[in-house]
Amino acid sequence: MDKDFPDIDPKLLAPYDPAQTEDRIYKLWEESGFFNPDICIEKGITKPDAEPFTIMMPPTNANGSLHAGHGLVMTIEDIMTRYKRMRGYKTLWLPGLDHAGFETQVVYEKKLEKEGRSRFGMNREELYKEILDFTLTNSSSIKSQVRSMGSSCDWSREKFTLDPDIVNVVYKTFAKLEKDRLLYRGKRIVSWCSKHQTSFSDLEIADEERTDKFYYLKYGPFVIGTARPETKFGDKYVVMHPNDDRYKEYENGQKIDLEWINGPITATIIKDESVDMEFGTGVMTITPWHDMTDFEIAERHNLDKEQIINEQGKLLPIAGEFAGLHISKARPLIIEKMQKKGLVDKIEENYKHVVHTCYKCGTIIEPQIKSQWFIKMKPLALKALEKIENSSIEYIPEHYKKISTYWLENIRDWNISRQIVWGIPIPAKICDSCDEGYVDLENQINNCKKCDQKLRQDMDTFDTWFSSSQWPFATLGFPANPDFKNYYPTDVMETAGEIIFFWVSRMIMLGLYVTGEVPFKTVYLHGLVLDAKGQKMSKSKGNVINPLDLTSKYGTDAFRIGLIVGNTPGTSLALSEDKIRSYKNFANKLWNITRFVLSVCEGEQYDSKFTKYTERDLALIKERGDFISEITKEMDEFKFYIVAEKAYHYSWHSFADIILEESKAIFLEGSNTEKISRKQFLLSTLEKIVKILHPFMPFVTEEIWSLLSAKNKDQDKNLLMVAPWPIKNL
RNA sequence: GCGCGAUUAGCUCAGUUGGUAGAGCAACCCAUUUACACUGGGAAGGUCGCAAGUUCGAGUCUUGCAUCGCGCACCA
């Protein structure tokens, strides 16, 4: 075989081998410095006055390892970045890591559990230090995995959410919110997980439909319905709708003596319009400490609130003989006692209702009244809505605009306090005696301004999303760093549709609030990556596909383009191994195309000034030009799923199957004119093909480029990653 | 309950100004050591969920319905 290819690189004699190529190529890129836009300018690749193009990588959870979803993020963002870089933009893709407060702490707690330890009873500093070590150890592995995906991000600008400069920005925002009266410390009802011992925002709550018993209990002259008799010890208000004729003999504020679970009590009638007359008996008693609705009724009527259940889910002394019991154990015992006392009217067996659970562990959320820091979201949301409605932000796919709008219109205040150690400490002091709180960045406030008691440090940390919502400007060094001036607002925010509220909408609000500008122009949301059967991947189902298994088996290029073809934004994608395998074949096809072109173009160099093309080649050039303009337009519209498919089709089924096949005859029996024309066409077309495919399949194309460079007189001697994107036929 | 999607070839999905349906994979037939078996050629496969409406013409626009998925909501 060797004698057929006297002049060919020996690499080309074997099938394309990603394993022998990828690390070497990534190293070349990284050493070139071209991931950094400043160096591209320095080296004359990018014009100093070029338009910027910026993407913030969603900060990867530092404790984890790369999953298929990350694979998709890295691929899409790298495609955008590489394309824009080739188009001459001053291109910055800034990578980062997230301490991922609660998520990481949960992972670490599981590890502790396995070791027979528990975070409770551990010293705070000790626990923090352990989680920090754990995170730092894991973070180096995730970073190498991000590299292995071919990500052309600027590692010199990498950020971590716990970096002092990021924390500093977060603190300033916290103080600014207070100054603008958008922050308050409130004794409010919050969602509490008794397993994880922390409160949550509304978004960390999952809904679960359950079938439980529904109890009708005799409460004096009334019958009240409840699914949770164990909360009823302290119920001393009985509420009904003011227009309910059944109860018109009772007046608001009227007192009634009645026999209750642990003896006689005095109840007060409350008339409130929130009661649904159609539901149950139209009468209910309220437990303001442990129920959102009840809390609101109590607030409206200025009623007492009493804690019945403690933070561990156990009954307090108010429950009398049941005190100390966990609510799950207490419920049947309470009903038994009430039945004996004749207080149970009836029990409905199959009551279907929705209960709130902790999104991590499934434990039923027990609302509790707690003093926490809240952000008033309404004013922030209104500004964001204004920007969204006047189309300052493009949503891809578009329907996410409606989804965001709906959420923003109904937004509630954001509890940003978390009772965990792994996170950014809240820079505030608390008065234990009157519960007042003070934002104190400089550590200068020591006594309560209300009651003059000595203050203590707030031991809570921020909700992770509070810091990540400031990511686009915090990473760029707001306000003074030149990067902020050069790259903000960023261009595209590409992330999972799942976290539109958690992250995207909050970034818009905080970005607008702090910098006065929407932090990005386009929101590109991708869907979930599912297994081959279209099932959500989960550890418990055992169907998790590790992207690194696929990349090592089929090559990163095959994995990347396999994730992209047919993957429209916003819709979920079934990841099939067959598909990835077929793109491995494609990488090899490109390899063989190169081998063929280089062998038949022996002795020829591509010359961009060549004009003596045959009619046939001119027609092919026209077709090629149309193809390039078409896909360039689609690249600009973020339609990567179409471009990938078309590029695949053009390379394989036009260039290889038709053009190369007919070339065989030309080189065998064609005229000299035909041969020269065809050689010029093949060389120039192959060059364009690898350029177009480079954002999708960066490794194999870069490798082919290096083999081509010897053959093409006019070819840029730099790396393909900084070669100009083809424009029509140039 | 409200909202948002989806429903097109066996499977996964494209189909952007309305002009009698496309790709990849799988399956089928044929070829063959070729730049490439990580191959080439060919054929097959769909009343575009259902029903109305607008239109000369609807996968595409309107309305209703059905099924599936997701999000939001304080029904005790």
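Naming: A, B, ... by sequence-line order, numbering from 1 per chain.
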Base-pairing string, 5' to 3', of RNA chain B - Watson-Crick or wobble, under 3.5 Å, | interstrand: (((((((..((((.....[..))))..((((.......))))......(((((..]....))))))))))))....
Selection: residues 205-230 of chain A, any non-hydrogen atom under 4.0 Å of RNA chain B: Asp207(A), Gly225(A)
Partner set under ring-ring contact (aromatic ring centres under 6.0 Å, His included) for [X], not counting sequence neighbours:
| X | answer |
| --- | --- |
| Tyr16(A) | Trp591(A) |
| Phe374(A) | Tyr184(A) |
| Tyr359(A) | none |
| Tyr395(A) | none |

Mind checking if [X] touches a base, just sugar-phosphate, or nothing, with heavy atoms under 4.0 Å?
| X | value |
| --- | --- |
| Gly282(A) | base |
| Tyr554(A) | nothing |
| Asp578(A) | sugar-phosphate |
| Lys664(A) | base |
| Ser582(A) | sugar-phosphate |
| Val597(A) | nothing |
| Ile593(A) | base |

Distance-only donor-acceptor pairs under 3.5 Å for side chains of residues 493-501 of chain A, two or more places apart:
residue   : atom : partner   : partner atom : Å
Glu494(A) : OE2  : His526(A) : ND1          : 2.4

Parallel, tilted or perpendicular, as decided by the 30° and 60° cut-offs, for the rings of Phe214(A) and Tyr216(A): perpendicular
Parallel, tilted or perpendicular, as decided by the 30° and 60° cut-offs, for the rings of Phe640(A) and Tyr524(A): tilted
Pair Lys360(A) + Glu204(A): basic N to acidic O under 4.0 Å: no
Charged N-O contact under 4.0 Å between Lys675(A) and Glu604(A): no
Spacing of Glu230(A) atom CD and Tyr215(A) atom OH [to the nearest 0.5 Å]: 8.0 Å
Donor on one side chain, acceptor on other, Asp578(A) and Ser576(A), under 3.5 Å: no
Nucleotides 59-61 of chain B: which of its N/O atoms have a protein N/O under 3.5 Å away?
none

Set of residues satisfying side chain to side chain donor-acceptor pair (under 3.5 Å) with respect to Asp17(A), sequence neighbours excluded: none
Pairs under 3.5 angstrom, nitrogen or oxygen only, protein versus nucleotides 38-46 of chain B, please.
residue : atom : partner   : partner atom : Å
C38(B)  : O4'  : Asn585(A) : OD1          : 3.0
U39(B)  : O3'  : Lys589(A) : NZ           : 3.3
G40(B)  : OP1  : Lys589(A) : NZ           : 3.2
G40(B)  : OP1  : Trp652(A) : NE1          : 2.3
G40(B)  : OP1  : Asp657(A) : OD1          : 3.4

In terms of side-chain heavy atoms of [X], which of [options] is nearest?
| X | options | answer |
| --- | --- | --- |
| His399(A) | A35(B), C72(B), G5(B) | G5(B) |
| Phe501(A) | A76(B), A73(B), G71(B) | G71(B) |
| Lys232(A) | A76(B), C74(B), C36(B) | A76(B) |

Check nucleotides 10-16 of chain B against the protein and report each pair of N or O atoms closer than 3.5 Å, with its distance, or say if there are none.
residue : atom : partner   : partner atom : Å
C13(B)  : O2'  : Gly566(A) : O            : 3.3
A14(B)  : OP1  : Thr568(A) : OG1          : 2.2
G15(B)  : OP1  : Tyr641(A) : OH           : 3.3
U16(B)  : O2   : Lys639(A) : NZ           : 2.9
U16(B)  : N3   : Lys639(A) : NZ           : 2.0
U16(B)  : O4   : Lys639(A) : NZ           : 3.1

Contacts of type side-chain contact (heavy atoms from CB on, under 4.5 Å), residue Glu674(A), not counting sequence neighbours: Thr614(A), Ile666(A), Ser671(A)
Student check: side-chain heavy atoms of Leu660(A) and Val597(A) closer than 4.5 Å: yes
Heavy atoms of other groups near Lys305(A) NZ, more than 12 under 6.0 Å: yes
